[in-house]
J.: 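This is the structure I want to talk about, given as structure tokens.
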Amino acid sequence: MTLHEVAFVIMVLLSLFSIVFIGSRAWMRGSDRSGCILNIRNAQIAVRAYQDVRGLPVGTPINMSTDLIGQGKFFKTNPQCSGGGCYHQIGHIPSLGELALSCSLSGNDAHVPADSSDW
């Protein structure tokens, strides 16, 4: 093998490795986004269950940290965004289409459900 052929093989291998790393990074961002949306949906389901069990009307003030999170409640611990964002909790029973949690990454990484009108 000549030096030219070895350099070409190394260049091709490095190109393949870079494609793999770029693809895996995009896959990780997608999985982080999906995990975040699942946390938001689970929080929404927990708030609706809390509302149904207690018979509370929409707009009733709640404290998600004490009412929904803890041993024997809807969440054992605070939900964590897998993408590194922070969740902001709503302070009342949401109306239809209003989210109980919002992620700080919702603007730039689309950590928000595509359609939550029937939640």
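All values below were derived from every heavy atom in this structure, side-chain atoms included, with hydrogens, water molecules and symmetry-related copies excluded.
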J.: Taking the side chain as every heavy atom from C-beta outward, state whether Arg33 and Met28 have any pair of such atoms under 4.5 Å apart.
T.: no
J.: Which donor-acceptor pairs under 3.5 Å do the side chains of residues 71-85 make with protein atoms, sequence neighbours left out?
T.:
{"residue": "Lys73", "atom": "NZ", "partner": "Thr66", "partner atom": "O", "Å": "2.4"}
{"residue": "Ser82", "atom": "OG", "partner": "Asp32", "partner atom": "O", "Å": "3.0"}

J.: Kindly indicate whether the side chain of Ser116, heavy atoms from C-beta on, has any atom under 4.5 Å from the side chain of Ile40.
T.: no
J.: Between Ser34 (side chain only) and Gly30 (backbone N and O only), is there a donor and an acceptor less than 3.5 Å apart?
T.: yes
J.: Starting at NE2 of His111, measure out to CD1 of Ile37 and round the result to the nearest 0.5 Å.
T.: 7.5 Å
J.: Counting C-beta onward and ignoring hydrogens, is there a side-chain heavy-atom pair between Leu101 and Gln89 closer than 4.5 Å?
T.: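 Side-chain contact under 4.5 Å: yes.
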J.: Could you check whether any side-chain N or O of Ser104 sits under 3.5 Å from a backbone N or O of Cys86, counting only pairs where one atom can act as donor and the other as acceptor?
T.: yes
J.: Measure the spacing between OH of Tyr50 and CG of Asp67 and express it to the nearest 0.5 Å.
T.: 3.5 Å
J.: Which heavy atom in Val47 sits nearest to a heavy atom in Pro94, and how many Å separate them?
T.: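 The answer is CG1-CD, 3.4 Å.
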J.: Does Gln44 reach the main-chain N or O of Ala100 with its side chain, forming a donor-acceptor pair under 3.5 Å?
T.: yes
J.: If you compare all heavy atoms of Val112 against all heavy atoms of Ser106, which two are closest, and at what distance to 0.1 Å?
T.: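 Looking at all heavy atoms of both residues, the shortest contact is CB-CB, 4.2 Å.
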J.: Checking side-chain polar atoms at under 3.5 Å, does Gln51 have a donor or acceptor matched by the opposite partner on Arg48?
T.: yes
J.: Please table the atom pairs, donor to acceptor, closer than 3.5 Å between any side-chain atom in residues 1-10 and protein atoms at least two apart or in another chain.
T.:
{"residue": "Thr2", "atom": "OG1", "partner": "Glu5", "partner atom": "N", "Å": "3.3"}
{"residue": "Glu5", "atom": "OE1", "partner": "Thr2", "partner atom": "N", "Å": "3.0"}

J.: To check you understand the geometry: which heavy-atom pair defines the closest contact between Pro113 and Leu99, and what is its length?
T.: CD-CD1, 4.0 Å
J.: Within this structure, what is the CG-CG distance for the pair Asn42 and Leu68, rounded to the nearest 0.5 Å?
T.: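 Between atom CG of Asn42 and atom CG of Leu68 there are 12.0 Å.
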J.: Let me confirm one number: the CE-CD1 distance from Met64 to Ile90, rounded to the nearest 0.5 Å.
T.: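 That separation rounds to 8.5 Å.
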